[in-house]
Amino acid sequence: MSKKVVIVGGVAGGASCAARLRRLDEETEIVVFERGPYVSFANCGLPYHVGGAIPKRANLLVVTPHLLRQRFRIDIRARQEVARIDRAGQQVQVTDLESGRIYLENYDYLVLAPGAAPLRPSIPGVELPGVFSLRTITDTDTIIAWIVERQAREAVVIGAGYIGLEMADNFKQRGLTVSVVERADQVLPVSLDYEMAALVHVYLRKQEIGLHFGEQVQEIREDAGRLLVRAGQHELPADLVLVAVGLRPETGLAKEAGLELGPTGGIRTDAFLRTSDPRIYAVGDAIEVVNPVSGAPALIPLAGPANRQGRLAADNICGREISYRGTVGGSIIKLFDLAAATVGLGTRQLRDLKIDYRSVIIHPLARAGYYPGGSQVSLKLLFSPSDGHILGAQAIGQEGVDKRIDVLATALQAGMTVYDLERLELAYAPQFSSARDPVNLLGMTAANIMRGDVAAVDWDQVEALQHDGALVLDVRTPDEVKAGAIPDALHIPVDDLRQRMSELEAVLTSGRKLVVHCASGLRSYIACRILKSRGYDNVYNLSGGWRTYRTATTERSRLTAAPS
């Protein structure tokens, strides 16, 4: 017996659900309602159309209504909005936005894929002409037209999340001067830990992006035909302003219909993506998911999970009963030539959830050092101190970032441990990696801690440890130390350590802690092993070494020194 499935919303979740339904069942009647003019478009590509990397607007159209009708025999109704759900009657009320006609449509199953909308904070002046958000192709058309017509020279971006930073990059590509205002103390505050974000700060400043952290926008006002953004003690002139302070799930339709919402505010679904009404499924940015690492509910608006959820909803409607395993939040962003990626949970999330963790940071070359042209990739791993299971990972660099985060994401979802990472067999040629891939090195570094071969401390613990009497031992070369050093550190190059042990005897026998560091953590690990082999246990390696410490403390000092 054939059935009728009505889908509310297209793009990633709704469109993938519709196509999958047709592939599974030739007889099902499928109707897709989309209130915008485009049923399936690449919303992740919108910033790059503004910047010109995707020059043709048509390239953003993933699947056209004509193709969906012709190839999949799907009834596509663009510019038609579902305004109400009658659950008892299994009907939706639809408004044709072109003609104004209101009508009812029956369903056997309903799939909600309304997505999420940009937040519009209650800032005075946020509705002025020239203040934009980005969600649709129409938004990109409007922004590009404004830049061209006004011959825009300066842009202010409010928010340093993914969309805000991508737009800052693409405004710069169009030749605009760009300032970013973020009320948190870093870029990507939901995704990256501070010391990893600090690496991005340094890079963005080299690209001449103005960064204003710890500042909230008080107002946007017109000034001599332009805009003026007041944030903290700064007044930033602009020809256009982009507001990118986050997303809110589009749950109005579900809430009005009496469907259950979760504690995060997203639509609650079961493991099979059914809502509290078994005839109604929900997918995409509007739903609350479970993070498998923590087991806690979360809102994680990403295109990949939305696409998979749409596919699984179709499977379940067709009786296959396949569960959704949750969303680990694997994501990546390109900023000029730099990539930043993350998966799983970060430090703040783990602390908030009271999950015990340990972490390591390394800065290896992305490929073999003897092969010309390589660059460093910075990796952070968070793992359980009880069994070594992976809790999260972050990566920053100009090459090989996507490869490493994908391996780490796979390992996390497979329930692997740091011991598994050190044993992974990964593809190697000098153009791509090293015989010991950075992921292997990350696993080895964490496994050394798990086995008790070395203890580690983080960059933000050093000052407190020194205050409590710990000594910092710098084992870099004299030339490295001349370029900068941790205050009050004792300098003994690692190759001289055995011959100069007498200089440490008083410290080591007194029970004081010794924090050892080099540039990135490798030479200091060797120094720690030398000391431990002589019976000194109160010795700690500085995770990430001088590079992490210098970058993070410099950025923290810059924030502290900035006018409030």
Side-chain angles (χ1 to χ4, degrees), residues 192-193 195-196 199 341-347 350 356-369 376-397 400-401 403-405 407-412 416-426 428 433-462 473 475-476 494 514-533 537 539-549 551-552:
L192 292 180
D193 289 340
E195 70 275 13
M196 299 298 281
L199 297 168
T342 182
V343 68
L345 301 179
T347 297
L350 290 166
D356 196 14
Y357 71 94
R358 297 292 182 273
S359 66
V360 292
I361 297 173
I362 62 173
H363 304 285
L365 289 172
R367 46 186 155 134
Q376 279 186 318
V377 58
S378 297
L379 299 173
K380 180 172 184 177
L381 184 71
L382 301 110
F383 56 96
S384 168
S386 62
D387 55 18
H389 271 96
I390 301 164
L391 302 174
Q394 298 163 34
I396 310 285
V401 169
K403 170 182 176 178
R404 273 72 196 209
I405 207 68
V407 171
L408 291 164
T410 303
L412 187 154
M416 296 171 74
T417 69
V418 299
Y419 307 114
D420 295 313
L421 293 185
E422 64 179 346
R423 291 193 291 261
L424 282 179
E425 182 178 340
L426 303 171
Y428 161 63
S433 182
S434 299
R436 289 192 298 182
D437 187 86
V439 171
N440 296 133
L441 292 175
L442 195 62
M444 293 172 186
T445 305
N448 285 337
I449 293 173
M450 291 293 298
R451 295 186 179 107
D453 293 340
V454 68
V457 297
D458 297 326
W459 68 275
D460 55 355
Q461 297 175 290
V462 173
L473 175 63
V475 298
R476 297 175 298 157
V494 64
L514 190 66
V515 177
V516 189
H517 85 88
C518 62
S520 63
L522 175 58
R523 285 172 291 170
S524 52
Y525 165 66
I526 295 168
C528 287
R529 291 303 303 157
I530 292 171
L531 292 164
K532 283 182 72 68
S533 70
D537 291 325
V539 178
Y540 300 84
N541 193 12
L542 176 57
S543 186
W546 169 250
R547 185 179 187 203
T548 293
Y549 177 90
T551 306

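For reference, positions follow the sequence shown, starting with 1. Worth knowing before you read on, the calculation uses all heavy atoms, side chains too, and leaves out hydrogens, waters and symmetry mates. This is a predicted model, so every value here is computed, not measured.
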For the [atom1] atom of [X] and the [atom2] atom of [Y], what is their distance to the nearest 0.5 Å?
| X | Y | atom1 | atom2 | result |
| --- | --- | --- | --- | --- |
| L473 | H517 | CG | NE2 | 8.0 Å |
| L408 | M416 | CG | CE | 9.5 Å |
| Y525 | I449 | OH | CD1 | 10.0 Å |
| S543 | W459 | OG | CH2 | 12.5 Å |
| Q394 | L199 | CD | CG | 10.5 Å |
| W546 | T551 | CH2 | OG1 | 9.0 Å |

Side chains of [X] and [Y] in contact at under 4.5 Å (non-hydrogen atoms):
| X | Y | value |
| --- | --- | --- |
| T342 | M196 | no |
| I361 | T445 | no |
| I362 | S520 | no |
| Y540 | Q461 | no |
| V457 | L542 | yes |

Using the side-chain contact (heavy atoms from CB on, under 4.5 Å) definition, which of the options [options] pairs with [X]?
| X | options | value |
| --- | --- | --- |
| N448 | V360, V454, V418 | V454 |
| V439 | L381, L421, I405 | L421 |
| L382 | D193, L412, L345 | D193 |

Contacts of type salt bridge (Lys or Arg N to Asp or Glu O under 4.0 Å), residue [X], not counting sequence neighbours:
| X | value |
| --- | --- |
| R451 | E422 |
| R423 | D420 |
| D437 | K403, R404 |
| D460 | none |

Next on the checklist: Walk me through whether S359 and D458 qualify under side chain to side chain contact (heavy atoms under 4.5 Å, CB included).
Outcome noted: CA-CA 8 Å; S359 66; D458 297 326; 3.6 Å; yes
Side-chain donor/acceptor pairs under 3.5 Å, residues 384-393, sequence neighbours excluded:
unit_1: S384; atom_1: OG; unit_2: S386; atom_2: N; d: 3.3
unit_1: S384; atom_1: OG; unit_2: S386; atom_2: OG; d: 2.8
unit_1: S384; atom_1: OG; unit_2: D387; atom_2: OD1; d: 3.2
unit_1: D387; atom_1: OD1; unit_2: H389; atom_2: N; d: 3.0
unit_1: D387; atom_1: OD1; unit_2: H389; atom_2: ND1; d: 3.2
unit_1: D387; atom_1: OD2; unit_2: H389; atom_2: ND1; d: 3.0
unit_1: H389; atom_1: NE2; unit_2: G415; atom_2: O; d: 2.9

Give a yes or no answer on whether the side chain of [X] reaches the backbone of [Y] with a donor-acceptor pair at less than 3.5 Å.
| X | Y | result |
| --- | --- | --- |
| E195 | T548 | no |
| D453 | R529 | no |
| R523 | R476 | no |

Next on the checklist: Please enumerate all residues that pass side chain to side chain donor-acceptor pair (under 3.5 Å) together with S524, with sequence neighbours excluded.
Outcome noted: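 For S524, the residues satisfying side chain to side chain donor-acceptor pair (under 3.5 Å) (neighbours in sequence not counted) are N541.
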Next on the checklist: I'd like to know whether M450 forms a side chain to side chain contact (heavy atoms under 4.5 Å, CB included) with T417, so could you lay out the CA-CA distance, the side-chain angles of the two residues, the decisive distance to 0.1 Å, and finally the verdict.
Outcome noted: CA-CA 11 Å; M450 291 293 298; T417 69; over 6 Å; no
Next on the checklist: Apply side chain to side chain contact (heavy atoms under 4.5 Å, CB included) to residues L441 and L379 and explain how you reach the verdict.
Outcome noted: CA-CA 10 Å; L441 292 175; L379 299 173; over 6 Å; no
Checklist entry - Where do V377 and A366 come nearest, in terms of heavy atoms and distance? => result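 So the two residues come closest at CG1-CA, 4.0 Å.
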Next on the checklist: Can you give me the closest heavy-atom contact between P438 and P364, atom names plus distance?
Outcome noted: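 Answer, listing the atom of P438 first, then P364: CB-CG, 3.7 Å.
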